[in-house]
Amino acid sequence: MLKPKRCLALSVIFALIAIAPIFSVLLAHILSNSLTCVINERGDTPCILFNYDITMILVSFYVSGWAALLTLPIAGGISGWFYLRYLKLSLVR
């Protein structure tokens, strides 16, 4: 049987997993805007940061947003289940 604190911790961990792809898209968008380069799925322009071309890293971050179609419902559902379990265990005590 899981303890309430462990259920809450697992709920937070799965919630972070669920929204991680959205944060990667936001990071890629913010960096590409600040470096004045265009990042999208069909083409890109060079993005130079500290004399290094980080274009492919930003493209990978941008395209990883599609993973949110899987992580939001699956990890989000698991997170919700652990949170409901936490509420149930904390009310019993």
Side-chain angles (χ1 to χ4, degrees):
M1 179 137 172
L2 291 173
K3 296 180 182 178
K5 286 185 180 183
R6 182 163 293 177
C7 282
L8 183 61
L10 287 171
S11 175
V12 170
I13 289 169
F14 277 106
L16 291 174
I17 290 170
I19 61 174
I22 296 171
F23 283 134
S24 71
V25 171
L26 289 174
L27 177 67
H29 183 71
I30 290 169
L31 278 175
S32 66
N33 279 344
S34 65
L35 297 173
T36 63
C37 57
V38 177
I39 300 293
N40 55 26
E41 294 165 342
R42 66 182 168 110
D44 47 25
T45 59
C47 295
I48 307 298
L49 180 66
F50 301 122
N51 291 331
Y52 291 103
D53 186 16
I54 61 167
T55 305
M56 291 312 295
I57 295 171
L58 292 180
V59 169
S60 299
F61 280 1
Y62 185 77
V63 174
S64 72
W66 286 104
L69 292 173
L70 292 175
T71 61
L72 281 175
I74 295 172
I78 294 171
S79 172
W81 183 80
F82 274 119
Y83 186 70
L84 290 175
R85 184 93 172 163
Y86 162 74
L87 290 177
K88 181 181 175 185
L89 289 175
S90 64
L91 288 177
V92 170
R93 290 184 179 214

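- Residues forming a side chain to side chain donor-acceptor pair (under 3.5 Å) with Thr71 (at least two apart in sequence, or on another chain): none.
- Both Leu69 and Tyr62 are members of a single hydrophobic cluster when ILVMFWY side chains are connected at heavy-atom separations under 4.5 Å.
- In terms of hydrophobic clustering, with Ile, Leu, Val, Met, Phe, Trp and Tyr side chains grouped at heavy-atom distances under 4.5 Å, Leu8 and Leu87 are assigned to a common cluster.
- The ring-ring contact (aromatic ring centres under 6.0 Å, His included) check on Phe82 picks up Phe14, with sequence neighbours excluded.
- In this view, Asp53 and Pro46, Ile48, Thr55 satisfy the side-chain contact (heavy atoms from CB on, under 4.5 Å) rule, not counting sequence neighbours.
- Leu16 and Leu27 are assigned to two separate hydrophobic clusters, defined by single-linkage of ILVMFWY side chains at heavy-atom distances under 4.5 Å.
- Under the side chain to side chain donor-acceptor pair (under 3.5 Å) criterion, Trp66 pairs with Glu41, sequence neighbours left out.
- By the 4.5 Å heavy-atom criterion applied to side chains, Tyr86 and Leu89 are not counted as neighbours.
- The side chain to side chain donor-acceptor pair (under 3.5 Å) test applied to Ser32 returns no partner, not counting sequence neighbours.
- Just one of Asn33, Leu26, Leu31 meets the side-chain contact (heavy atoms from CB on, under 4.5 Å) condition when paired with His29; it is Asn33.
- With contacts defined as side-chain heavy-atom distances shorter than 4.5 Å, the pair Ile39/Cys47 qualifies.
- Of all the heavy atoms in Ala18 and Leu72, the pair that sits closest is O-CD2, 3.4 Å.
- Under the 4.5 Å side-chain heavy-atom criterion for grouping Ile, Leu, Val, Met, Phe, Trp and Tyr, Leu70 is not connected to Ile19 through any hydrophobic cluster.
- Residues Tyr83 and Ile13 do not share a hydrophobic cluster, clusters being chains of Ile/Leu/Val/Met/Phe/Trp/Tyr side chains in contact below 4.5 Å.
- Screening residues 1-31 for disulfide (SG to SG under 2.5 Å) gives no qualifying pairs among residues at least two apart or on separate chains.
- Contact detail for Val25 and Gly65: the closest heavy-atom pair is CG2-CA, 3.3 Å.
- The list of disulfide (SG to SG under 2.5 Å) pairs with a residue in residues 58-90, not counting sequence neighbours, is empty.
- With sequence neighbours excluded, the residues forming a side-chain contact (heavy atoms from CB on, under 4.5 Å) with Ile57 are Ile54, Phe61, listed by chain and number.
- The side chain to side chain donor-acceptor pair (under 3.5 Å) pairs that include a residue from residues 11-26 are Ser11-Ser79, Ser24-Ser64, where partners are two or more places apart or lie in different chains.
- Judged by distance alone, the side chain of Thr45 and the main-chain N or O of Val38 form a donor-acceptor pair under 3.5 Å.
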